[in-house]
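Just so it is clear, the values below take in all heavy atoms, side chains as well, and ignore hydrogens, waters and symmetry mates. Whatever order the structure lists them in is the order used to number ligands and atoms, beginning at 1.
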Amino acid sequence: MNVLGIETSCDETAVAVVADGGPPIIRANLVQSQSAEHAPYGGVVPEIAARSHLDHLQRLIGQALDAAGFGFDDLDGIAAASGPGLIGGLIVGTMAAKGIAWAAKKPFVAVNHLEAHALTARLTDEVAFPYLLLLVSGGHSQLLVCESIGTYRQLGTTLDDAAGEAFDKSAKLLGLAQPGGPAIEAAARSGDPRRFPLPRPMVGRGGCDFSFSGLKTAIRERVAAAPRDAQTVADLAAAVELAICNALVDRTARAAHRFRERHPDGTALVAAGGVAANARLRRRLAAIADDAGLRFVAPAPALCTDNGAMIAWAGIERLRLGLSDPLDVPVRPRWPLDPDAYTAKKPR
Ligand code: KG4
Ligand code: ZN
């Protein structure tokens, strides 16, 4: 099965072709970041994002098909991220996918962007259900039990900001580039996290929820009181990275314990979403998984951040079960993975 995947839910225009039948193969995986276009505004501007997707998507689809050596006729389905995300971008990607599906008479799959992050470990490492997932991106911080395609149970979520947002806002306060996660990770390499001790939100509390807004306030205060030399910025970046990792790791350890009790057949702890590209976090999560007797799986960093391969793969997973969508299915700017779970925060 060969599937074209289109991702336009935020500020990356991404297109991939994934082939299945034996171990899955990523035949093409192109990502065009818009960060330079949003940089003057200090954050993603939805209108600019939608127009930029429109400018680049058609070319990227052509390039991805060329790289894979495929025409539309070689495809078995077209998948697009249809939510959650910014409505303008979702419409651009979803309408392009529907147009190709209609013209080429192929099935269309409306993919949940979060489900695509959740299933990436099955593309890269063939992880079996059930597994525990830490999904940490710019808009989401969730702990979920992934039971089967379409069945996800939320154990915890953020009460305010997402982990990626905490990285991005901290980077802004420190005068570092966006996206903030990679910028903080790079600056932190030469920093001492002990110079500016930060609070450890929710650590030791019951449940598996996250909270990052208190941390943001603490960082703002430290930044305002500190000098602005390069070493100080590095030390603050290291403190931020450590504090966010500590919060994520504490909650994930609790969730791993719960997961083990409820799912003795559980196979793995999986990390996904852009923040899961962070090397310090990956090391710490690997240790937790080890303690809990779980396999730790985190896709390569380029498959943790937004990409088209994860959308194509989610399309393959659904098509294999005979699931596709009609061409009049709407985009869904809000689309929780666990519809029964409370959402403390509006998704980005
Ligand atoms: O999954 P993603 O690419 O897009 C969303 O669906 O939101 O995640 C983007 C987020 C951003 O907040 C970015 O700062 C963060 O992931 N991120 C990182 C790293 N790479 C990306 N955070 C920490 N360390 C990284 N290396
Ligand atoms: Zn994402």
Side-chain angles (χ1 to χ4, degrees), residues 5-14 16 29 31-35 38-39 42-44 46 49 80-86 89-90 93 111-121 133-142 158 161-174 176-189 210 212 215-216 237-238 240-249 270-285 298-311 313-314 333-335 337 345-348:
I6 298 176
E7 160 58 41
T8 54
S9 68
C10 191
D11 61 342
E12 257 97 30
T13 315
N29 191 21
V31 181
Q32 173 142 342
S33 168
Q34 302 175 354
S35 35
H38 299 286
V44 177
S82 296
L86 299 172
L90 292 172
V111 168
N112 179 315
H113 176 93
L114 301 175
E115 182 173 47
H117 276 305
L119 298 177
T120 307
L133 172 73
L134 172 67
L135 175 51
V136 270
S137 69
H140 300 269
S141 297
Q142 294 174 11
T158 182
D161 289 348
E165 228 172 333
F167 271 110
D168 295 341
K169 288 178 178 170
S170 304
K172 205 168 170 181
L173 289 168
L174 288 170
L176 297 171
Q178 296 291 324
I184 288 196
E185 181 167 30
R189 278 191 205 112
F210 304 98
F212 293 102
L215 193 58
K216 193 176 59 192
V240 167
E241 186 186 48
L242 181 66
I244 295 173
C245 285
N246 281 342
L248 292 173
V249 164
V270 170
V275 179
N278 185 277
R280 180 193 284 265
L281 180 64
R282 292 163 85 99
R283 281 197 301 275
R284 301 273 307 275
L285 291 174
L303 293 174
C304 285
T305 49
D306 289 349
N307 64 87
M310 69 180 193
I311 306 297
W313 175 251
R334 286 174 176 238
W335 190 357
L337 269 188
K345 181 182 157 32
K346 84 175 165 29
R348 193 164 85 172

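Going from atom SG of Cys10 over to atom CD of Gln34 covers 8.0 Å, rounded to the nearest 0.5 Å. Atom CD of Glu241 is separated from atom CD1 of Ile184 by 8.0 Å, given to the nearest 0.5 angstrom. With rounding to the nearest 0.5 Å, the separation of OG in Ser33 from CD in Gln178 is 11.5 Å. If you take NE2 on His117 and CG on Asn112, they are separated by 10.0 Å, rounding to the nearest 0.5 Å.
Residue Thr305 has no N or O atom closer than 3.5 Å to an N or O atom of ligand 1. Looking at Gly274 next to ligand 1, an N or O pair under 3.5 Å apart turns up. For Gly181, a nitrogen or oxygen atom sits less than 3.5 Å from a nitrogen or oxygen atom of ligand 1, counting backbone and side chain alike. Residue-to-ligand polar distances place Gly138 within reach of ligand 1: an N/O pair is separated by less than 3.5 Å. In terms of N/O distances under 3.5 Å, ligand 1 is approached by Asp168. At least one N or O atom of His117, backbone or side chain, sits closer than 3.5 Å to an N or O atom of ligand 1.
With ligand atoms numbered from 1 in the order given, ligand 1 contributes 22 (N), 23 (C) to contacts under 4.0 Å with heavy atoms of Phe167. Short contacts between ligand 1 and Gly139, defined as distances under 4.0 Å to a heavy atom of the residue, involve ligand atoms 7 (O). Close contacts between ligand 1 and Pro179 involve ligand atoms 13 (C), 14 (O) [criterion: under 4.0 Å to a heavy atom]. Listed by atom number, the atoms of ligand 1 under 4.0 Å from Gly164 heavy atoms are 12 (O).
Closest non-hydrogen pair, Leu215 versus Ala243, comes out as CD1-CB, 3.7 Å.
Counting only distance, with no hydrogens or angles, the side chain of Glu185 and the backbone of Ala279 share a donor-acceptor pair below 3.5 Å. Looking only at distances, a side-chain donor or acceptor of Arg282 sits under 3.5 Å from a matching main-chain atom of Ala276. Between the side chain of Arg284 and the backbone N or O of Cys245, no donor-acceptor pair lies under 3.5 Å. Ser141 places a side-chain N or O within 3.5 Å of a backbone atom of Ala163 that can act as its donor or acceptor partner. In this structure, the side chain of Asp168 engages the main chain of Gly180 through a donor-acceptor pair within 3.5 Å.
Each of Asn246, Val240, Ile244 was checked for a side-chain contact (heavy atoms from CB on, under 4.5 Å) with Leu242, and the lone residue meeting it is Asn246.
Within a 6.0 Å sphere centred on NZ of Lys216, heavy atoms belonging to other residues, nucleotides or ligands number more than 12.
Distances shorter than 4.0 angstrom do not occur between any heavy atom of His140 and any atom of ligand 1.
Within the protein, the number of N, O or S atoms lying under 2.8 Å from the Zn ion (ligand 2) is 3.
At a heavy-atom cutoff of 4.0 Å, ligand 1 is contacted by no atom of Gln178, backbone or side chain.
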